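The chains referred to below are lettered A, B, ... by the order of the sequence lines, with proteins before strands, and numbering in each begins at 1. Fair warning: this is a prediction, and the values are worked out from it, not measured in the lab.
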2 protein chains.
Amino acid sequence: MVSVSVPQKGKPRFPTQTPKGSPKYQNFETKTSHAKRSPAHAQDHIMAERKRREKLSQSFIALAALVPGLKKMDKASVLGDAIEYVKELKERLTVLEEQSKKTRAESIVVLNKPDLSGDNDSSSCDESIDADSVSDSLFEVESRVSGKEMLLKIHCQKQRGLLVKLLAEIQSNHLFVANSSVLPFGNSILDITIVAQMGESYNLTTKELAKNLRVAALKILS
Amino acid sequence: MVSVSVPQKGKPRFPTQTPKGSPKYQNFETKTSHAKRSPAHAQDHIMAERKRREKLSQSFIALAALVPGLKKMDKASVLGDAIEYVKELKERLTVLEEQSKKTRAESIVVLNKPDLSGDNDSSSCDESIDADSVSDSLFEVESRVSGKEMLLKIHCQKQRGLLVKLLAEIQSNHLFVANSSVLPFGNSILDITIVAQMGESYNLTTKELAKNLRVAALKILS
DNA sequence: GATTACACGTGATGC
DNA sequence: TGCATCACGTGTAAT
């Protein structure tokens with residue numbers, strides 16, 4: 001229950017308006033040791049401090065409004081819960097961002113042609129597959145994701161038994177083939193297009209999947 | 001209610017440890033109007049207040065540590081920047097969550113065009129598409145040439161009569177279809193792969209061909 | 001009564 | 001010089 005502070009009569013919890021007129025009379029005669037201050041200055045000081053406090057209180061209220069599930073409206077509780085909330089938000093954000101990286105943003109990966117769109121992955125460009133050994137053999141993988149379906153395009157050299165091998169590898173990666181097309185192109189090229197259902201436990205990046213497929217395809221050539 | 005304050009010694013900004021030992025002696029003799037308090041109680045009160053303040057200050061520090069790019073360590077600034085930061089985190093989270101929902105559940109994820117503003121209804125059919133989404137409509141063309149064959153890949157929105165229109169356009173561009181595959185992908189995406197023989201008089205660039213195909217496809221939506 | 005929390009006035013300090 | 005910020009002690013409610 002996030003309730004705003006109830007208006008008090010005697011002592012407002014969060015004073016919306018300052019009293020402004022407080023007829024306080026300083027004890028002007030007791031200048032004990034140090035000449036303290038000019039009365040006008042003292043009043044200015046008081047007012048400034050009031051303003052500062054009110055600003056802080058308003059910020060507290062504003063912060064409390066952003067934190068869901070606040071039980072106590074304590075300053076300490078507001079701060080503490082806000083701290084935990086920020087931590088939680090950060091955590092969720094990093095998780096989601098990581099997940100998003102895996103599926104969406106760079107879900108088009110073309111092997112053997114890294115210079116397709118100039119879109120360079122700065123963070124996880126670690127596994128640069130040794131394209132040297134297979135630079136002569138054509139093998140490109142491209143994938144797109146829509147919902148729980150994946151569209152997989154493989155453009156490669158025609159090899160005997162390649163399709164079965166690829167389909168087996170796909171299935172062992174928790175991708176279940178729903179539709180496929182194999183088009184011969186030229187003399188020695190196959191253009192394979194596959195629509196597959198992504199299993200619940202599928203969690204590979206496109207790059208990882210492409211690597212697996214390529215490795216599977218390379219085993220035939222040995 | 002002019003409170004007499006005792007002079008303090010140090011003034012730590014964020015006191016890490018409380019002084020604990022302040023030998024303050026109240027003016028016990030002046031019970032002006034109200035018998036104020038027992039001295040021991042007063043000391044307890046002071047200590048409790050100190051503890052509370054320190055707790056708050058520590059929370060301020062902890063909160064400030066979570067907010068990146070903090071310039072001022074003001075209490076007001078910490079609160080204000082924390083508020084803005086929480087808002088920003090929330091915003092980014094909702095955006096990412098929405099995006100994730102769209103990717104996992106249904107709808108279309110347009111690759112290579114991450115900035116989709118069109119919020120399309122997932123359940124409804126694709127017969128009512130306003131002009132805004134038309135211009136952003138997914139339509140990607142990719143072509144490869146091997147000898148006198150062309151491999152043509154078209155990734156686009158599913159439209160009634162689209163395939164015939166495309167094939168007609170292809171043929172009118174001196175490309176003669178030898179093989180074709182049309183795979184539905186998701187609810188409203190078609191992935192078309194075509195192998196065509198390039199006629200003798202074919203002399204278009206890929207870009208021109210893609211443009212012709214796109215224009216032909218757009219005519220259906222009118 | 002004891003504990004907790006708050007706003008207030010105030011002196012000190014740094015810019 | 002002010003001006004802003006701070007921690008402090010204190011009175012006062014509410015729990």
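As a whole-Å value, the separation of A:Glu54 CD from D:dA4 P is 15 Å. The NZ-P distance, from B:Lys72 to C:dG14, rounds to 15 Å in whole Å. Taking atom CD1 on B:Ile46 and atom C1' on D:dA7, their separation rounds to 13 Å, with Å as the unit. Rounded to a whole Å, the CD atom of B:Gln58 is 15 Å from the C1' atom of D:dA7. The interatomic distance linking B:Gln43 (CD) with C:dT3 (P) rounds to 15 Å, in whole Å. In this structure, the NE2 atom of B:His41 is 13 Å from the P atom of C:dT4, given to the nearest Å. When the P atom of D:dC3 is taken as reference, atom NE2 of A:His45 falls 12 Å away, rounded to whole Å. For B:Arg52 and D:dA13, the CZ to P distance is 17 Å, given to the nearest whole Å.
For A:Ser57, a side-chain nitrogen or oxygen approaches OP1 or OP2 of C:dA7 to under 4.0 Å. Contact annotation: A:Arg50 side-chain N/O to C:dC8 OP1/OP2 distance is not under 4.0 Å. Checking the phosphate oxygens (OP1, OP2) of D:dA7, a side-chain nitrogen or oxygen of B:Lys75 falls inside 4.0 Å. Contact annotation: B:Arg53 side-chain N/O to C:dA5 OP1/OP2 distance is not under 4.0 Å.
Residues passing the side-chain contact (heavy atoms from CB on, under 4.5 Å) test with A:Arg92, sequence neighbours excluded: A:Glu88, A:Leu89, B:Leu93, B:Glu97. The side-chain contact (heavy atoms from CB on, under 4.5 Å) test applied to B:Lys55 returns no partner, not counting sequence neighbours.
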* Given A:Glu208 and A:Asn212, is the side chain to side chain donor-acceptor pair (under 3.5 Å) satisfied, shown in steps? -> CA-CA 6 Å; A:Glu208 291 167 345; A:Asn212 290 348; over 6 Å; no
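When all heavy atoms of A:Leu213 and A:Leu166 are compared, the pair lying nearest together is O-CD2, 3.8 Å.
Look at B:Arg52 and B:Glu49 and you find a salt bridge, because one of the NZ, NE, NH1 or NH2 atoms lies within 4.0 Å of a carboxylate O, short of that distance. Between A:Glu200 and A:Lys148 a salt bridge is recorded (basic side-chain N to carboxylate O distance below 4.0 Å). Salt-bridge check for B:Arg144 with A:Glu140: passed, with a basic side-chain N closer than 4.0 Å to an acidic carboxylate O.
When each of A:Leu56 and A:Asp44 is assigned the nucleotide of DNA chain D with its nearest heavy atom, A:Asp44 is the one assigned upstream, toward the 5' end. Closest-nucleotide positions on DNA chain C for A:Glu49 and A:Ser77 were compared, and the one nearer the 5' end corresponds to A:Ser77.
Direction of the helix axis in the helix from C:dA2-D:dT15 to C:dC15-D:dG2 shifts by 10° between the two five-pair termini, rounded to 10°.
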